[in-house]
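Presented below is the structure to which this report refers.
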Amino acid sequence: MSGQRGDDLEDDFVPDELVASSGEEDGRTEAVDSIEALLSADEEAEQEEAERKDKAALSKRKRKEREKERRAKKRKLTETVEVVVGSLSVAAQPSPKLADYMSVMQAKAFPDLSALELSDMQIPETAIVDTSQWTESRSLDRLVDFVIEVIPVLHKRLSQRSKAPGTPTLLFIAGAALRVADVTRVLKDERLRGDKGGDVAKLFSKHFKLEEHVSYLRRSKIGSAVGTPGRIGKLLCEPGGALALSQLTHIILDISFQDAKKRSLLDIPETREQVFRTVLGAPKVLEAIKQGKIQVVLF
C-alpha cells in the first residue's frame, strides 16, 4: 500500500492565492476594527472630558462675573454718598442722603449679601425722619430740645401714660454702656415725661444678666428704652416679647457721638452689624418700619 506524502505532490502545484490570503485578511480586518473602536472610544472620552471642562470653566466665569457685578454695585453705592465731616454731623443731612448713608452702612454690615438681598433689608427713605432743620449741636445737653422741636409727635407720646409693661414708645440705641447711662439720665427729664410718662429703661449687658432685664420689662411700664444694640436686639427676639412693639413709634440711632477712637455707633463693625441684624433687621421691626409704623431718627 502506497501512501501519498508531501513530497509526492506534483512539482508544479501552486496554492490558491485567494484561499491562502483570506485568513490573513480576516485577521487584519478584525484587528483594524478593534483599533478603530478603541480610538473611537478614546475620542468620545476626550470629547466628553473637554465638554465637562468647558462647562466648568463657563460656570466659574459666570460666578466671577456675578461677583464682580455685585462688588461694582456696592462700590458705586459707596461712591454716591457724600459723608460730611467736620462741624456738620452726618445726621444733619436731609432724608435722601441719610437713606444712602444707611444703605452704605448696611452693605458694610453684610459684605456677603448680594445687592438684591440688601435691597430687601433696606430702610426706606420715607421711614427716616428729616431733621436737617435742627442746626444746633447734637450733644446730650440738647437732646431734650431736639425731641421737643424736631419730633413733636414723639414728645407728645412720651408724656402719656404707658399702657402695658415692656411697651416703649422710643428705642434709643447707643454704642456703649456708659453712653447708655448718660442718655437714660437725660431722657428722664420732666420736660419729656411730664407727670404721666413711663419709666426709662437702661439696657446693657455690663453688670446685668439678660434674665434680669426680661423680669424688669415684664413688670414695668416704660416710655423709653435706652440700650446697646446687642442687648436691645436680644430682648426684641426674646420669646414672649420682653420688648413689645405695640406702642413703638421711633428708633433713635446715636450716630453723632464718637468714642475715644473717633468712631460712631455705625463705624464700629460689631455695633454696626448688631444694629442692622438684631435691631433694625429684626423681622417684626423691619416689617413695621416698611409699613410706616416705626420711624428711624439719626441723632
Side-chain angles (χ1 to χ4, degrees), residues 102 105-106 108-110 121 123 140 143 154 157-158 161-188 192-193 197-255 257 259-261 263-289 293-299:
M102 292 290 284
M105 293 296 105
Q106 186 183 60
K108 286 184 177 181
F110 305 115
M121 301 173 62
I123 307 301
L140 280 188
L143 176 58
L154 175 60
R157 288 180 59 84
L158 289 176
R161 191 181 305 278
S162 299
K163 296 182 178 180
T167 57
T169 289
L170 166 67
L171 289 181
F172 193 108
I173 311 300
L178 184 59
R179 181 68 172 176
V180 169
D182 292 339
V183 174
T184 301
R185 284 191 290 270
V186 173
L187 291 181
K188 288 182 177 181
L192 289 179
R193 297 169 62 200
D199 196 6
V200 180
K202 180 173 59 178
L203 307 172
F204 53 80
S205 59
K206 191 175 183 179
H207 308 311
F208 295 97
K209 294 181 179 180
L210 182 64
E211 294 76 12
E212 293 178 294
H213 282 149
V214 171
S215 176
Y216 163 75
L217 291 170
R218 286 178 177 170
R219 68 174 186 272
S220 304
K221 293 183 178 181
I222 59 175
S224 303
V226 185
T228 56
R231 179 49 55 94
I232 292 287
K234 287 182 179 180
L235 290 167
L236 285 171
C237 299
E238 180 70 19
L243 264 181
L245 304 182
S246 59
Q247 302 300 315
L248 185 64
T249 59
H250 291 80
I251 297 175
I252 296 180
L253 303 180
D254 186 29
I255 70 164
F257 175 76
D259 63 11
K261 295 182 180 180
R263 301 177 303 174
S264 73
L265 174 69
L266 298 184
D267 289 332
I268 303 171
E270 181 182 2
T271 55
R272 177 174 60 225
E273 181 180 355
Q274 290 170 342
V275 166
F276 285 106
R277 185 182 298 278
T278 66
V279 181
L280 300 180
K284 291 183 179 180
V285 174
L286 184 59
E287 181 182 0
I289 289 174
K293 296 178 180 180
I294 298 175
Q295 290 188 304
V296 179
V297 182
L298 277 64
F299 177 70

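Please read these numbers as outputs of a predicted model, since none were measured by experiment.
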So [Y] and [X], do their side chains get closer than 4.5 Å, heavy atoms only?
| X | Y | value |
| --- | --- | --- |
| Phe276 | Met105 | yes |
| Glu212 | Ser215 | no |
| Leu280 | Met102 | yes |
| Val285 | Ile251 | yes |
| Leu236 | Leu245 | yes |

Expected list for residues 164-180: side-chain donor-acceptor pairs under 3.5 angstrom, two or more places apart:
unit_1, atom_1, unit_2, atom_2, d
Thr167, OG1, Ala164, O, 2.7
Arg179, NE, Asp254, OD2, 2.7
Arg179, NH2, Asp254, OD1, 3.1
Arg179, NH2, Asp254, OD2, 3.4

Q) Does the side chain to side chain contact (heavy atoms under 4.5 Å, CB included) test come out yes or no for Arg219 and Tyr216, once each step is laid out? A) CA-CA 6 Å; Arg219 68 174 186 272; Tyr216 163 75; 4.2 Å; yes

Roughly how far apart are [X] [atom1] and [Y] [atom2], rounded to 0.5 Å?
| X | Y | atom1 | atom2 | value |
| --- | --- | --- | --- | --- |
| Lys234 | Gln274 | NZ | CD | 8.5 Å |
| Leu158 | Leu192 | CG | CG | 6.0 Å |
| Leu265 | Arg272 | CG | CZ | 10.0 Å |
| Lys261 | Asp267 | NZ | CG | 12.5 Å |
| Leu217 | Leu243 | CG | CG | 5.0 Å |

Search all heavy atoms of [X] against all heavy atoms of [Y] and return the closest pair with its distance.
| X | Y | result |
| --- | --- | --- |
| Ser264 | Ile255 | CB-O, 3.2 Å |
| Lys188 | Asp199 | CE-OD1, 4.4 Å |
| Leu187 | Arg193 | O-CD, 3.5 Å |
| Arg231 | His213 | NH1-ND1, 2.7 Å |
| Gln247 | Arg157 | O-NH2, 2.8 Å |
| Leu140 | Val186 | O-CG1, 3.8 Å |

Q | Greater than 12 external heavy atoms within 6.0 Å of Arg161's CZ | A | no

Q.
Show, in sequence, the C-alpha distance, side-chain angles and deciding distance for Thr271 and Thr228, and conclude whether the side chain to side chain contact (heavy atoms under 4.5 Å, CB included) test is met.
A. CA-CA 8 Å; Thr271 55; Thr228 56; over 6 Å; no

Q: Could you walk me through whether Ile252 and Val183 pass the side chain to side chain contact (heavy atoms under 4.5 Å, CB included) test, one step at a time?
A: CA-CA 11 Å; Ile252 296 180; Val183 174; over 6 Å; no

Q: Show your working on side chain to side chain contact (heavy atoms under 4.5 Å, CB included) between Ile232 and Val226 and close with a plain yes or no.
A: CA-CA 8 Å; Ile232 292 287; Val226 185; over 6 Å; no

(Q) Show me the pairs that pass ring pair (Phe, Tyr, Trp, His ring centres under 6.0 Å) and involve residues 221-251, at least two apart or across chains. (A) none

